[in-house]
Amino acid sequence: MEGSGPISIVVVSDDHYIVLLAALIKSIEMNHKTGERLDFYVVEDRVMDKTKKKLESSINPEVSALHWISMKNAIPAGVELPLDRSSWPLNIYMRFFISHFIPSHIERVIYLDVDMIVQADISQLWTMDMQDKIIAAVMDQRIKTIDCSWGGVVNYKELNLDGEAKYFNTGLLLIDVKKWKEADLTRKILDCIKVNESYANFPDQYGLNVVLADKWLELDVLWNYFATGDHEEPCIIHFMSTKPIYKSYNYNTYYQSLFFDYLSLTPWNGQSQISSSRIYLAKARNKFRKILKKVFCYGLVMFGVSVRVKIVVTIAEQL
């Protein structure tokens with residue numbers, strides 16, 4: 001497939017994390033040596049217009065193209081997102097809807113979490129043989145197996161799952177879109193999370209690992225290598241937990257320097273580290289957003305007044 005294309009890459013970001021996305025895209029561009037064009041499908045969660053323009057000015061138009069998709073438009077009509085009590089943002093669920101919002105002619109996509117940088121040619125991942133699997137991913141370096149008591153599938157016995165089955169991290173997914181559609185995975189995963197909400201510590205990972213237990217292709221760990229490690233040449237570095245832009249970052253400093261090297265090639269050049277208080281504010285906002293949506297939805301069911309509907313929808317969309 002060398003020289004063919006384009007390579008379809010899906011990412012999700014809010015306004016605050018666009019700085020991470022800028023470094024991610026630049027890292028992909030700088031290490032891409034074959035001739036495929038890079039098509040980035042960016043699901044944006046309330047990203048300001050000026051921020052979009054800033055990101056657009058950072059890419060190499062001869063190599064890359066950005067396709068913006070609002071989070072609201074990424075969710076199929078009639079679909080309700082799980083409103084758990086965690087501090088995870090609602091945009092973590094957008095990876096489930098790729099088969100709905102991606103152009104219909106695209107049969108394969110790479111999904112990447114925004115808190116990554118790519119050190120290898122992305123075409124190496126793009127051209128991998130998926131061996132007739134729906135997705136390819138990397139085993140989570142912390143959770144490892146489904147029976148992990150703090151982060152795996154706690155109720156795996158009730159679900160008749162093998163506790164020793166490997167548990168994958170959803171930060172990187174190579175997806176066969178056609179097979180995903182045929183298996184009706186979006187509905188199955190969302191239903192799974194809603195039914196087992198109290199067990200889903202990491203909701204997106206829980207749903208995918210339950211529905212696709214032992215049905216995914218395992219990739220080398222270097223394709224989703226956590227920044228807590230010390231490998232000299234990982235293909236993709238994943239800044240789990242604290243991001244490199246925060247002053248409290250205390251993981252591999254070499255990886256952090258690589259991040260800022262890529263960022264220096266964007267309009268965010270010179271960006272200094274920021275207070276970690278932003279992390280806690282974001283988590284509080286995410287929890288409040290879910291609670292408010294849940295309360296409003298309950299109000300709609302109880303009262304069903306058309307004027308109230310309009311007000312609720314307007315407020316909820318701004319959260």
Around atom [atom1] of [X], are there more than 12 heavy atoms of other residues, nucleotides or ligands at under 6.0 Å?
X	atom1	answer
Lys144	NZ	no
Glu164	CD	no
Met139	CE	yes

Gap between atom [atom2] of [Y] and atom [atom1] of [X] - 0.5 Å precision:
X	Y	atom1	atom2	result
Glu29	Thr266	CD	OG1	10.5 Å
Leu173	Ile134	CG	CD1	12.0 Å
Asp261	Gln256	CG	CD	11.0 Å

Lys/Arg-Asp/Glu bridge criterion (N-O < 4.0 Å) met for [X], [Y]:
X	Y	value
Glu56	Lys53	no
Asp115	Lys243	yes
Arg95	Asp113	yes

Taking [X] for its side chain and [Y] for its backbone only, find out whether a donor-acceptor pair lies under 3.5 Å.
X	Y	result
Gln273	Tyr246	yes
Asn252	Ala227	no
Tyr167	Cys148	no
Asp45	Met71	no
Thr186	Phe96	yes
Lys194	Glu80	yes
Arg108	Trp126	yes
Gln131	Leu217	no
Asn31	Val118	yes
Asn209	Phe168	yes

Would you say [X] and [Y] make side-chain contact, with heavy atoms under 4.5 Å?
X	Y	result
Phe97	Val79	yes
Asp132	Lys179	yes
Ser13	Leu20	no
Leu55	Trp68	yes

Test ring-ring contact (aromatic ring centres under 6.0 Å, His included) applied to Tyr251 - qualifying residues, sequence neighbours left out: Tyr249
Please report the C-alpha distance between Tyr262 and Gln119 in whole Å, then the side-chain angles of each, then the deciding distance to 0.1 Å, and finally whether the side-chain hydrogen bond (donor to acceptor under 3.5 Å, both in side chains) criterion is met. CA-CA 11 Å; Tyr262 291 121; Gln119 289 287 94; 2.4 Å; yes
Name all residues meeting the side-chain hydrogen bond (donor to acceptor under 3.5 Å, both in side chains) criterion together with Asn155; count only those two or more places apart in sequence or in a different chain, and write none if there are none. Asn196, Tyr206
